[in-house]
Amino acid sequence: MLRVDSMHPLQSLAVTLHSWFALLKPLYELTKPGITGYVMITAGASAFVGSRGSIDFAAILHIVLGTGIATAGALALNQYVERDFDALMTRTKGRPLPSGRLSPVQGLAAATVLLVGGTIYLALSSGLRPAAIAAASAIAYLTIYTPLKRQSYIATLAGAVPGALPTLIGWTAATRAFEPAGLALFGIAYLWQLPHVLGLAWMLRDDYAKVGFKLIPEGGGRVIGLHMVLATAVLLPASLSPTFLGYTGTWYATGAFILSTGFLLVSATAGWNMTDKAARGVFFSSLLYHPLLLSLMVFDTVSV
């Protein structure tokens with residue numbers, strides 16, 4: 001029979017592995033993997049369209065990885081800055097820092113390494129321009145959007161800029177230039193975010209009120225609905241611009257028109273009678289809209 005003390009090395013290994021897992025899991029959560037993953041997809045799709053489908057797999061991989069690592073760092077750093085606010089809100093109090101599963105020092109160190117490392121990786125693998133855009137996105141997110149959240153609804157309008165910049169990271173990495181079609185993809189991503197954020201902010205308005213976040217305009221549901229409708233109304237023609245500029249074909253244009261019209265109708269319905277259910281409809285419609293639009297772009301990219 002195996003002696004008890006002979007189990008000690010195995011027990012020690014098990015304890016070590018458990019402690020590492022206990023650290024890695026909150027570190028993973030700190031990066032907001034859902035948002036980071038989608039940002040990576042956006043940058044990759046933009047690079048593919050910008051190259052007219054000619055970019056190779058290795059280049060796409062570098063763009064996606066670099067963008068993802070830098071984004072993860074920026075999102076983690078934001079949670080470090082807002083950890084005291086997160087502790088007060090029902091939605092966020094279980095995050096790694098307010099819950100105590102990570103210390104502030106651990107969170108800050110991980111965020112800094114990811115942001116700096118991702119930016120350097122982008123610079124070395126994809127060029128200085130996309131790296132500079134990634135750095136500018138993080139700076140805008142942390143020094144403009146984050147402090148403005150407790151000051152004014154302008155925070156939502158400003159925050160959509162860093163949220164849309166991954167399109168330009170991917171585009172400039174693939175083309176080495178700023179081009180009208182790349183700016184069109186930026187505009188689409190910017191406009192899409194406004195109803196997305198407004199729908200979420202309306203549903204979480206009581207939670208946000210606890211910490212003074214002002215992510216929705218004053219004036220009640222009708223005003224918020226008007227902002228949603230204006231954004232989606234402009235988004236409809238903007239979504240067709242890749243075809244007008246010669247980067248996508250008729251299949252994309254047809255699909256974009258159908259998707260954008262549907263998104264506008266959902267927003268208009270919410271604007272007529274803003275309820276939690278209506279806001280939820282706008283939010284979940286936005287979660288479908290942009291991924292489907294990007295898929296259509298990639299599918300119907302016009303090569304030369």
Side-chain angles (χ1 to χ4, degrees), residues 35 37-57 59-64 66-68 71 126-127 129-130 133-134 136-137 157 160-197 228-267 282 285-304:
I35 297 176
Y38 188 66
V39 166
M40 294 165 74
I41 291 170
T42 301
S46 298
F48 183 87
V49 176
S51 71
R52 295 185 178 273
S54 64
I55 193 168
D56 61 56
F57 177 77
I60 283 280
L61 186 62
H62 287 313
I63 294 166
V64 167
T67 303
T71 299
S126 303
R129 187 175 282 113
I133 296 171
S137 176
L157 304 178
V161 172
L165 282 176
T167 57
L168 293 181
I169 295 174
W171 193 280
T172 58
T175 67
R176 300 292 190 266
F178 289 102
E179 296 175 325
L183 295 174
L185 265 62
F186 170 85
I188 292 169
Y190 179 88
L191 291 167
W192 159 73
Q193 286 178 90
L194 299 181
H196 172 83
V197 172
M228 289 178 172
V229 171
L230 287 174
T232 49
V234 177
L235 181 58
L236 200 162
S239 69
L240 302 176
S241 57
T243 296
F244 295 148
L245 293 168
Y247 280 81
T248 54
T250 305
W251 283 105
Y252 166 79
T254 302
F257 180 80
I258 294 170
L259 288 171
S260 299
T261 301
F263 197 15
L264 174 58
L265 290 174
V266 172
S267 297
V282 173
S285 294
S286 72
L287 292 180
L288 289 173
Y289 175 83
H290 200 238
L292 288 174
L293 202 70
L294 290 178
S295 298
L296 283 169
M297 283 185 197
V298 170
F299 170 77
D300 200 25
T301 294
V302 175
S303 60
V304 291

L157 vs L194 side-chain heavy atoms within contact, under 4.5 Å: yes
Heavy-atom side-chain proximity of F263 to L236 below 4.5 angstrom: no
Heavy-atom pair with the smallest gap, counting every atom of A238 and L191: CB-CD1, 4.0 Å
Which atom of A256 lies closest to which atom of L296, heavy atoms considered: N-CD1, 4.0 Å
Minimum side-chain heavy-atom gap Y247-S241 below 4.5 Å: no
Geometric class of the H290/W192 ring pair [parallel <30°, tilted 30-60°, perpendicular >60°]: parallel
Any S239 side-chain heavy atom under 4.5 Å of Y252 side chain: yes
Minimum heavy-atom distance A45-V298, with the two atoms named: CB-CG2, 3.9 Å
Check: G249 main-chain N/O paired with D300 side-chain donor or acceptor under 3.5 Å: yes
Pairwise distance CG(L264) to CG(L259) - rounded to 0.5 angstrom: 12.5 Å
Rounded distance (nearest 0.5 Å) linking atom CD of Q193 with atom OG of S286: 10.0 Å
Other residues, nucleotides, ligands: >12 heavy atoms within 6.0 Å of F257 CZ: no
W171 side chain near S51 side chain, heavy-atom distance below 4.5 Å: no
From L294 atom CG to I41 atom CD1, the distance as rounded to the nearest 0.5 Å: 8.5 Å
Interatomic distance, S126 atom OG to H62 atom NE2 [nearest 0.5 angstrom]: 7.0 Å
Close side-chain approach of T67 to V39, heavy-atom, < 4.5 Å: yes
Minimum heavy-atom distance V229-S267, with the two atoms named: CG2-O, 3.7 Å
Worked check of side-chain contact (heavy atoms from CB on, under 4.5 Å) between F178 and R129: CA-CA 9 Å; F178 289 102; R129 187 175 282 113; 3.5 Å; yes
Atom pair OH (Y38) and CG (L287), whose distance is rounded to the nearest 0.5 Å: 9.0 Å
Spacing of S260 atom OG and L293 atom CG [to the nearest 0.5 Å]: 6.0 Å
Closest non-hydrogen atom pair, I63 against G170: CG2-CA, 4.0 Å
Closest non-hydrogen atom pair between L288 and P291, with its separation: O-CD, 3.4 Å
Sidechain-backbone polar pair: R176 side chain, A173 backbone, donor-acceptor under 3.5 Å: yes
Side chains of V282 and M228 in contact at under 4.5 Å (non-hydrogen atoms): yes
Side-chain heavy-atom pair T42, I169 within 4.5 angstrom cut-off: no
